[in-house]
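Shown next, in structure tokens, is the structure this report addresses.
Counting from 1, the numbers follow the sequence of the chain as shown. Hydrogens, waters and symmetry mates are skipped; everything else that's a heavy atom, side chains included, is used.
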Amino acid sequence: MKKDDAVSEVVGVLLMLTITIILASIVALVATGAVGETEKPLVAEVTATGVINENVVFELLSGDSFQLSDIKVSLGIREDSTKSATVLGSSLKPEGSLITLGDRFRLEGTSTTDGISFGGMNVKKGEHLTYRFYDKSGKPFSSGEIRVP
């Protein structure tokens with residue numbers, strides 16, 4: 001009878017234990033979503049630089065570059081909090097552009113008798129248009145306001 005018969009049983013048990021631990025780790029990672037693709041939030045500072053011919057001109061002052069189609073803008077009026085509108089980034093001009101540091105883009109409005117209409121919301125002359133930019137995951141990354149002349 002050989003004295004090393006028990007060695008192969010111990011090695012077999014250790015291999016089975018190792019495989020079980022590895023499989024349990026993989027299942028735990030998949031179940032918690034730790035393996036999935038994580039996307040970092042957009043970090044950027046966008047400010048309105050002026051209102052020119054019914055258009056609000058925005059500029060990217062700092063932060064990450066982004067596609068206009070990947071954002072949306074929530075609009076409001078500081079003097080009347082009951083009014084609001086949401087504008088998709090795909091409707092901002094220039095269409096489909098990649099906005100990088102220092103680039104400008106615009107929100108086109110429509111002239112009305114007493115102000116400018118943005119996304120169906122009328123902003124009267126002298127009122128302040130408020131804006132908040134959201135990334136594609138719905139997280140806000142920049143906000144501000146500008147007076148409509």
Side-chain angles (χ1 to χ4, degrees), residues 10-149:
V10 171
V11 171
V13 169
L14 287 175
L15 283 173
M16 290 297 287
L17 183 61
T18 304
I19 291 171
T20 303
I21 291 172
I22 291 171
L23 286 174
S25 300
I26 291 171
V27 168
L29 285 173
V30 170
T32 61
V35 176
E37 193 176 305
T38 58
E39 196 172 309
K40 71 175 191 138
L42 180 63
V43 177
E45 182 182 350
V46 177
T47 190
T49 59
V51 179
I52 303 169
N53 299 329
E54 296 88 33
N55 298 315
V56 179
V57 179
F58 295 100
E59 182 176 353
L60 177 59
L61 297 179
S62 66
D64 301 330
S65 299
F66 57 87
Q67 292 282 344
L68 287 178
S69 58
D70 290 341
I71 66 168
K72 69 178 180 178
V73 186
S74 177
L75 303 172
I77 301 172
R78 183 175 75 180
E79 292 80 8
D80 186 356
S81 61
T82 62
K83 295 182 180 177
S84 65
T86 300
V87 178
L88 298 177
S90 57
S91 64
L92 299 171
K93 306 294 183 209
E95 293 179 35
S97 291
L98 173 67
I99 303 300
T100 59
L101 189 61
D103 284 350
R104 292 181 177 203
F105 57 98
R106 67 187 182 281
L107 168 63
E108 293 184 341
T110 306
S111 181
T112 63
T113 57
D114 60 347
I116 305 171
S117 176
F118 299 100
M121 180 185 69
N122 190 40
V123 183
K124 295 177 183 172
K125 293 177 182 176
E127 290 183 327
H128 293 82
L129 175 70
T130 62
Y131 56 88
R132 178 167 288 179
F133 288 90
Y134 293 88
D135 64 15
K136 59 184 170 185
S137 68
K139 294 180 182 164
F141 65 88
S142 191
S143 63
E145 66 180 43
I146 190 164
R147 186 176 169 275
V148 173

Is the backbone of [Y] close enough, under 3.5 Å, to the side chain of [X] for a donor and an acceptor to pair up by distance?
X	Y	value
N55	V57	no
D103	T100	yes
S69	S90	no

How many angstroms lie between [atom1] in [X] and [atom2] in [Y], if you round to the nearest 0.5 Å?
X	Y	atom1	atom2	answer
D80	T130	CG	OG1	10.5 Å
I77	E127	CD1	CD	5.0 Å
L101	E45	CG	CD	10.5 Å
K136	Q67	NZ	CD	9.0 Å

Identify the two heavy atoms, one from [X] and one from [Y], that lie closest to each other, and give their separation to 0.1 Å.
X	Y	result
L60	S62	CD1-O, 3.3 Å
A48	Y131	N-OH, 2.9 Å
E79	H128	OE2-ND1, 2.7 Å

Test item: [X] and [Y] side chains (from C-beta on) under 4.5 Å apart, heavy atoms:
X	Y	result
F58	T49	no
L129	L75	yes
F105	L68	yes
M16	L14	no
V87	L107	yes

Carefully, step by step, assess V27 and S25 under the rule side chain to side chain contact (heavy atoms under 4.5 Å, CB included). CA-CA 5 Å; V27 168; S25 300; over 6 Å; no
Salt-bridge criterion met for K40 and D64 (N-O under 4.0 Å): yes
Does the pair R106/E108 count as a salt bridge with the N-to-O cut at 4.0 Å? yes
If the condition is ring-ring contact (aromatic ring centres under 6.0 Å, His included), which residues does Y134 pass it with, not counting sequence neighbours? none
Atom pairs and distances, donor-acceptor, side-chain atoms in residues 139-149, under 3.5 Å, two or more places apart:
| from | atom 1 | to | atom 2 | distance (Å) |
| --- | --- | --- | --- | --- |
| S142 | OG | V46 | N | 2.9 |
| S142 | OG | V46 | O | 2.9 |
| E145 | OE2 | R78 | NH1 | 2.7 |

What side-chain donor-acceptor pairs closer than 3.5 Å can you find for residues 110-118, not counting sequence neighbours?
| from | atom 1 | to | atom 2 | distance (Å) |
| --- | --- | --- | --- | --- |
| T112 | OG1 | D114 | OD1 | 3.4 |
| T112 | OG1 | G115 | N | 3.0 |
| T112 | OG1 | G115 | O | 3.0 |
| T112 | OG1 | N122 | OD1 | 3.0 |
| D114 | OD1 | N122 | ND2 | 3.0 |

